[in-house]
Colleague: 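Provided herewith is a single structure, encoded as structure tokens, for subsequent inquiry.
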Amino acid sequence: MGDAPLKRPPQIVGNIGLYYVCYQLSRLGWNVMPTARNARGIDLLAYSSDGQERVSIQVKAMSGATNIQLRDDDTMADFWVIVTNAATDAPECFVLTPLEVRQGCKSYGGKPWLQKDGYRRDAFRHAWSRIGAVASSTPVADCHIDPA
């Protein structure tokens, strides 16, 4: 028994990060749905209880803090949330826009890599307010069915 956290496979680390972001967004009043895992595109779709506000999220989770290789479609989400130390009791989250992701990239071997110093900034750290909170209890209009 040591103080070091258990080493987890990358897929488990990814799941931990994904559901941690779901938890945080739910606390802000969003309804959150993960999309098909390992499919290209966004990882989460969040919407307000009245359906008027929607936001898409790309999540990247890792055990430590490293540079992240991007795919061509990685900047299609409204926000990115990068979760470092995902498999610990104290995950650290960084909330960025796609523009900020692109600005934090460098190209290596013709592939874009988001540099850890491009996302590990105080302005992005646990900056859930950048996504925003939504009202958690929006009244639903009465529904009357006309008996025909």
Side-chain angles (χ1 to χ4, degrees), residues 3-141 143:
D3 293 326
L6 292 173
K7 182 159 175 62
R8 304 275 186 212
Q11 184 175 0
I12 298 297
V13 172
N15 286 342
I16 292 168
L18 180 82
Y19 289 105
Y20 186 77
V21 173
C22 289
Y23 162 74
Q24 292 294 344
L25 293 173
S26 294
R27 291 182 66 225
L28 293 172
W30 293 98
N31 291 305
V32 186
M33 297 184 312
T35 62
R37 295 296 291 144
N38 297 320
R40 293 202 180 265
I42 63 171
D43 293 317
L44 299 173
L45 180 60
Y47 59 95
S48 60
S49 58
D50 65 2
Q52 296 301 307
E53 297 179 68
R54 294 178 195 89
V55 65
S56 58
I57 312 285
Q58 179 72 40
V59 178
K60 297 290 183 187
M62 59 201 79
S63 297
T66 62
N67 298 337
I68 302 167
Q69 184 177 359
L70 304 184
R71 297 185 306 209
D72 292 337
D73 60 347
D74 272 345
T75 55
M76 70 187 294
D78 297 315
F79 289 96
W80 269 56
V81 179
I82 299 166
V83 184
T84 62
N85 304 318
T88 70
D89 289 339
E92 195 169 30
C93 298
F94 301 88
V95 180
L96 292 83
T97 66
L99 177 61
E100 293 161 342
V101 169
R102 286 190 295 275
Q103 290 172 339
C105 283
K106 290 186 180 173
S107 182
Y108 297 105
K111 304 241 184 225
W113 287 80
L114 175 58
Q115 305 299 292
K116 64 182 172 184
D117 63 354
Y119 67 83
R120 292 183 58 81
R121 298 182 182 177
D122 288 338
F124 304 148
R125 184 176 278 111
H126 300 294
W128 300 106
S129 62
R130 300 186 82 202
I131 296 173
V134 294
S136 59
S137 58
T138 302
V140 177
C143 178

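What you see is a predicted model, and the numbers here were worked out from it, not measured in a lab.
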Colleague: Considering non-hydrogen atoms only, spot the tightest contact between G14 and A61 and give its length.
Modeller: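 For G14 and A61, the tightest heavy-atom pair comes out as CA-CB, 4.0 Å.
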Colleague: Which atoms form the tightest heavy-atom contact between V83 and A86, and what is the distance?
Modeller: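 In terms of heavy atoms, the two residues are closest at CG1-CB, 3.9 Å.
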Colleague: Atom CG in N31, atom CD in E53: separation rounded to 0.5 Å?
Modeller: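 Interatomic distance, N31 CG to E53 CD, rounded to 0.5 Å: 11.5 Å.
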Colleague: Going from CZ on F124 to CZ on R130, what distance comes out if it is rounded to the nearest 0.5 angstrom?
Modeller: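 Taking CZ in F124 and CZ in R130, the distance rounds to 5.5 Å.
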Colleague: Are any non-hydrogen side-chain atoms of P34 and L44 less than 4.5 angstrom apart?
Modeller: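 In short, these two side chains touch, coming nearer than 4.5 Å.
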Colleague: Would you check if Y47 and M33 make a side-chain contact, meaning some heavy-atom pair closer than 4.5 Å?
Modeller: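 Yes - at least one pair of side-chain heavy atoms lies under 4.5 Å apart.
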Colleague: Exactly one of V21, V55, L25 should register a side chain to side chain contact (heavy atoms under 4.5 Å, CB included) with V32. Which one does?
Modeller: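 When V21, V55, L25 are each tested with V32, the side chain to side chain contact (heavy atoms under 4.5 Å, CB included) holds only for L25.
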Colleague: For Y20, look at atom OH and say whether over 12 heavy atoms of other residues, nucleotides or ligands are found less than 6.0 Å away.
Modeller: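 More than 12 heavy atoms, drawn from other residues, nucleotides or ligands, come within 6.0 Å of this atom.
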Colleague: Identify the heavy atoms of S56 and M76 that sit nearest to each other, and give their distance.
Modeller: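 So the minimum-distance heavy-atom pair works out to OG-O, 4.3 Å.
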Colleague: Which atoms form the tightest heavy-atom contact between N85 and A90, and what is the distance?
Modeller: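 What the structure gives for the nearest pair is CB-O, 4.1 Å.
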Colleague: Output the distance between atom CH2 (W80) and atom OG1 (T97), rounded to the nearest 0.5 Å.
Modeller: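 W80 atom CH2 to T97 atom OG1 measures 11.0 Å (nearest 0.5 Å).
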Colleague: In Å, rounded to the nearest 0.5 Å, how long is the span from NZ of K60 to CG of L96?
Modeller: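 With rounding to 0.5 Å, NZ (K60) is 13.0 Å from CG (L96).
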Colleague: Is there side-chain contact between M62 and I82, with heavy atoms separated by less than 4.5 Å?
Modeller: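 They are in contact (side-chain heavy atoms under 4.5 Å apart), so the answer is yes.
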Colleague: What do you reckon, is CZ of R27 surrounded by more than 12 foreign heavy atoms closer than 6.0 Å?
Modeller: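 Check fails, neighbour count at 12 or below.
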Colleague: Do V81 and Y119 touch side chain to side chain, with heavy atoms closer than 4.5 Å?
Modeller: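 No - every pair of side-chain heavy atoms lies 4.5 Å or more apart.
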Colleague: If you define the side chain from C-beta out and look only at heavy atoms, does anything of R121 sit under 4.5 Å from F94?
Modeller: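 Of all side-chain heavy-atom pairs linking F94 with R121, none is under 4.5 Å.
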Colleague: About how many Å separate CD of E100 and CG of L114, when rounded to the nearest 0.5 Å?
Modeller: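 Reported to 0.5 Å precision, the distance equals 10.5 Å.
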Colleague: If you define the side chain from C-beta out and look only at heavy atoms, does anything of R120 sit under 4.5 Å from R125?
Modeller: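 In contact.
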Colleague: With a 4.5 Å limit on heavy-atom distance, are the side chains of Q24 and H126 in contact?
Modeller: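 Result no, sub-4.5 Å side-chain heavy-atom pair not found.
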Colleague: Is it the case that the side chain of D43 and the backbone of I57 share a donor-acceptor pair, with hydrogens and angles ignored and the cut-off at 3.5 Å?
Modeller: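 No: the side chain of D43 does not pair with the backbone of I57.
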Colleague: First locate atom OG of S107, then atom CG of L70, and finally report the distance between them rounded to the nearest 0.5 Å.
Modeller: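 The OG atom of S107 sits 10.5 Å away from the CG atom of L70.
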